[in-house]
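Here's the structure we're looking at; comments come further down.
For clarity, every value in this text was computed on a predicted model and none was experimentally measured. FYI, the numbering just counts along the sequence from 1.
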Amino acid sequence: MGRTGSSSASRKPLNKPEENVPKVDDSVPQTISVVRRTKRSPYVWTSLLLLTIYSFRTIYQQQFEKLPIPLSAEQAGKRGFSETEALKHVKALTSLGPHPVGSDALDIALEYVLKEAEKIKKTAHWEVDVEVEKFHAKSGANRLSRGLFRGKTLVYSDLYHVLLRVLPKYADEAEENTILVSSHIDTVFSTEGAGDCSSCIAVMLELARGISQWAHGFKSGVIFLFNTGEEEGLSGAHSFMSQHPWNNTIRLAVDLEAIGLGGKSGIFQTGSHPWAVETFASVAKYPSAQIVSQDLFTSGAIKSGTDFQVYTEFAGLSGLDFAFTDKTAVYHTKNDKFELLKPGSLQHLGENMLAFLLRAAASSKLPTNNVMEEGRNSDQDNAVYFDILGSYMIVYRQRFATLLHNSVIIQSLMIWTTSLIMGGFPATVSLALSCLSLILMWTFSLSFSASVAFILPIISPSPVPYVASPWLVVGLFAAPAFLGALAGQYVGFLILQTYLSNVYSKREQVLPSIREELIRLEAERWLFKAGSFQWLIFLIIGNYYKIGSSYLALVWLVSPAFAYGLLEATLTPARFPKPLKLATLLIGLTVPLLVSAGTIIQLARFIIGSAVRFDRNPGSTPEWLGSVIVSVFVAVVLCLTTVYLLSYLHLSGAKRSIVFATCLLFGFSIATVVSGIVPPFSDDIARTVNVVHVVDTTKKYGGEQDLISYVSLFSTTPGKLTREVEHIKEGFTCGRDKPIDYVTFSVDYGCWTHEGGENGWDESDIPSLLVDNDVSNNGRITTILIDTKGSTRWSLGINTDEIKDFKFKGEEELVPVGDKNSVDGWHTIQFAGGRDSPTTFSLTLFWKNNSTKSVEANNTVQPPLLKLRTDFNRLTPKAERVISRLPSWCSLFGKSTSPLTLAFLTALPVHI
């Protein structure tokens, strides 16, 4: 009998048995007596794990952080794109400070863009016509059926946009076939908007200049829309598409957006027709596009909206939606500033867009409305797209994706079926137990990682201590998730070995001395194959629901399966197992890592950065929930991507070293958080807060109303405001005993102070809701007169438990009867407009038949019939003092639903 521990055996190559095990024929009595015990080098496998981590980082840098060199005007030439010139526009716009709708700063910004557009007109090629117009949009209303704006009517008035249309002089058809390029000039009140979206406006101006030198060869015109009102509910895009005569000529829409500051601007939505993204892929110099972002955006997982929704949902167009997503934590905060804009960001978007527009506008195949209608009616024509390393872009249609996925699924099922038939009952049980190891791996990994998220609010000054230092997520969540995955799979590995020992005990040709090693090798192979089975399940689900991101499941299934079939698979179950080869892992994971590693890290960074605005209704969610979501994401990614690697580690001598290093990393990260060495926020990555002087007349509905005035402080970032209040020192009290209903959202946890609340406002600013008429013939109808007392930004909530429909009038009818929806029993009208917007309105309510009978027997406070909030962008003395004393790690935060710095609340009871 051979000796398995001899010195000669130790000199043999890694993963090679001492003797080749011959193929066994059960009809011939044989005895397998020599199998070397497999033990992989700890140095090799530690190095491999480090190499995998390094590969993730390198791929991410190549795909998302490698930016082109900015070009000067001289380098770009008359027809090229120059970031240096574009940055001049960014600097000019951001120097104005915040410029929201209705502000003097926005008027100046509009005039600047108009002036630059006129310069482009003067310098255009002599065979190119450039038209420039300052368009005044009158009152209008926009109702979108999905996303953030479901259950809302978005009303606007007195908006101004700058339009620039580029046409070839001698192509008459170009005027009726145009491509729209759009972005917004306005910002929220809390930021100068370098990223969102002065950078977009700058790119458009530089593009328009370049296009004006090329357009003499175009077959289509290009319209550049510099709109206002996007931040108040996509009103700029809607007003243009509903009021301007050029809207009927548009065949394709391109929207430029930002949900961060700089970096690569990538495609994250394409609409229903694939022509635009296919054209972009064929010409883009630095392609960046991920259908994963589109799937998350359309599913509602990303709570945001862009003008592209108006172009697709309201106008029925298709096209491209680009967004800057780097530094997403600075979105709508003071840190969305010029100084933090990465060099090369505008050059990246500008060169890609210039190449796309030159190809698209010169093409005779621009989609027509009929083609787009067909595309909208067929999911099979939707595009699946993604880039590889920011250098190559792959695009194919859903029809091909379905055929490809079906083919792979059928072949995989046939292989699995054949394998199980050949292996018999033991193979079936082994598959079931290997799937059990997957379940245990997922359970342990999710539990370990989420447990840390639950305790963070207890041990850390912030429930999200990693926002300013995203690398902490590796130690806080990835380390325990990895340990959990390894432990869970190892438990399944032991269970599987127990079963296989019974199977091998019935094989007389296997001596007991080597049986243990064969069992270990067999179990290892089943764990590896279970990884393929896991990805097969995800591919089946993704294919069934036509999820574009299913390409990830495809590459993670096919590549490792191919490597295993090439290097490991045998045609007979009678052959005894050998150790898995290192080459199988390397070949199997190369393509999946190249395709997905960068996207995974970018998505993780986006989720981490979004934590600063996670609590949309402050205090309404547990403090730990945001971290739980991050931890679950990390654990899911680890379980999906390391399943093959982990199957190798159980027979590796590096397992203990890896476990020890992972525990050390986790301990270090916990110690860093507990000690506060690394602060959760910084001057450049700030916590979002709102400071609002509130004048509230809603304490009592009906009867004599009590008027209360106070300054409210709240945050959309999870966590208490204790440190911030101690720093401000303005007599704030914090807690949950003073919830505030701001109509568009509510604050369940916040801070408030009544000191100095009586100054800086006047009772003449308080809005009114007056009953003008109330009749009950053939159903109750009530007319309400609304006076916002000078406010041109307000929100009105209508109780749809009582009201079945309504119509709304200003100077003209804005919202007719019919086609309403609601969320949580409320339909909300959000109004935003320029200084000359109307401030008096008429609201006609049509009651439900069973209305006015909702008083609870237990004397529960009844919701009002109407609730109104009016906003003013001015500072009272108390609010100004509080804002001036905000710590440097805090920033005001604005969005379409946020109040400005002075807000008036009033309501009308049901029993009027």
Side-chain angles (χ1 to χ4, degrees), residues 13-15 38-62 437-438 441-442 444-445 448-449 470-493 520 523-525 527-528 530-532 534-535 556 559-560 563-564 567-568 579-601 604 631 633-669:
L14 184 66
N15 289 346
T38 302
K39 188 172 183 179
R40 300 185 172 99
S41 167
Y43 304 107
V44 171
W45 287 92
T46 301
S47 300
L48 179 62
L49 188 60
L50 293 175
L51 177 63
T52 302
I53 296 172
Y54 176 77
S55 298
F56 266 84
R57 178 61 182 168
T58 302
I59 292 169
Y60 170 75
Q61 288 179 321
Q62 175 69 27
S437 75
L438 290 176
M441 178 185 71
W442 280 78
F444 280 46
S445 183
F448 284 23
S449 186
W471 57 267
L472 276 174
V473 168
V474 178
L476 291 175
F477 301 134
F482 179 81
L483 290 173
L486 182 61
Q489 195 183 67
Y490 184 67
V491 172
F493 179 68
R520 283 156 47 89
E524 178 187 63
R525 285 174 169 258
L527 292 183
F528 186 92
S532 295
Q534 167 184 269
W535 281 109
W556 279 93
S559 184
Y564 185 88
L567 301 175
E568 306 287 355
L580 290 173
K581 300 177 179 66
L582 178 60
T584 303
L585 189 65
L586 295 176
I587 294 173
L589 296 189
T590 298
V591 173
L593 287 178
L594 284 174
V595 171
S596 62
T599 302
I600 289 170
I601 295 178
S631 68
F633 171 80
V634 170
V636 167
V637 168
L638 271 168
C639 289
L640 290 173
T641 58
T642 63
V643 61
Y644 298 110
L645 176 63
L646 291 178
S647 65
Y648 277 74
L649 293 182
H650 303 299
L651 301 185
S652 168
K655 184 164 60 176
R656 289 185 180 180
S657 301
I658 291 171
V659 169
F660 176 77
T662 306
C663 290
L664 196 64
L665 175 62
F666 173 67
F668 172 77
S669 301

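- If you take CZ on F477 and CG on L472, they are separated by 9.5 Å, rounding to the nearest 0.5 Å.
- From L665, atom CG reaches atom CZ of F660 across 12.0 Å, with rounding to the nearest 0.5 Å.
- Within the 4.5 Å cutoff, the side chain of L646 has no heavy atoms near those of the Y490 side chain.
- In this structure, W535 contributes its side chain and L640 its backbone to a donor-acceptor pair below 3.5 Å.
- Nearest heavy-atom pair across C639 and W442 is CB-CE2, 3.6 Å.
- Nearest approach of S449 to A635, heavy atoms of both residues: CB-CB, 4.1 Å.
- The CE atom of M441 sits 6.0 Å away from the OG1 atom of T642 when rounded to the nearest 0.5 Å.
- A530 and L438 get closest at one heavy-atom pair: O-CD1, 3.3 Å.
- In plain terms, the two heavy atoms of L651 and F493 that are nearest each other are CD2-CZ, 4.0 Å.
- Remark: I59 CD1 to Y54 OH distance equals 10.5 Å, nearest 0.5 Å.
- Residue pairs meeting the side chain to side chain donor-acceptor pair (under 3.5 Å) criterion with at least one partner in residues 477-488, sequence neighbours excluded, do not occur; the list is empty.
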Handout entry: Candidate pair T641 and W556, rule side chain to side chain contact (heavy atoms under 4.5 Å, CB included), full reasoning
Key = CA-CA 8 Å; T641 58; W556 279 93; 3.7 Å; yes

Exercise for the section: Give the intermediate values and the outcome of side chain to side chain contact (heavy atoms under 4.5 Å, CB included) for residues I600 and Y60. Expected result: CA-CA 9 Å; I600 289 170; Y60 170 75; over 6 Å; no

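- Residues forming a ring pair (Phe, Tyr, Trp, His ring centres under 6.0 Å) with F528 (at least two apart in sequence, or on another chain): Y564, Y644.
- Paired with H650 under the rule side chain to side chain donor-acceptor pair (under 3.5 Å), one option of R520, E524, Q489 passes, and it is Q489.
- Between F448 and P480, the shortest heavy-atom contact is CB-O, 3.3 Å.
- L48 CG to L586 CG: the interatomic distance, rounded to the nearest 0.5 Å, is 6.0 Å.
- How far CZ of F482 is from CG of L645: 6.5 Å, rounded to the nearest 0.5 Å.
- In plain terms, the two heavy atoms of L638 and A478 that are nearest each other are CD1-O, 3.3 Å.
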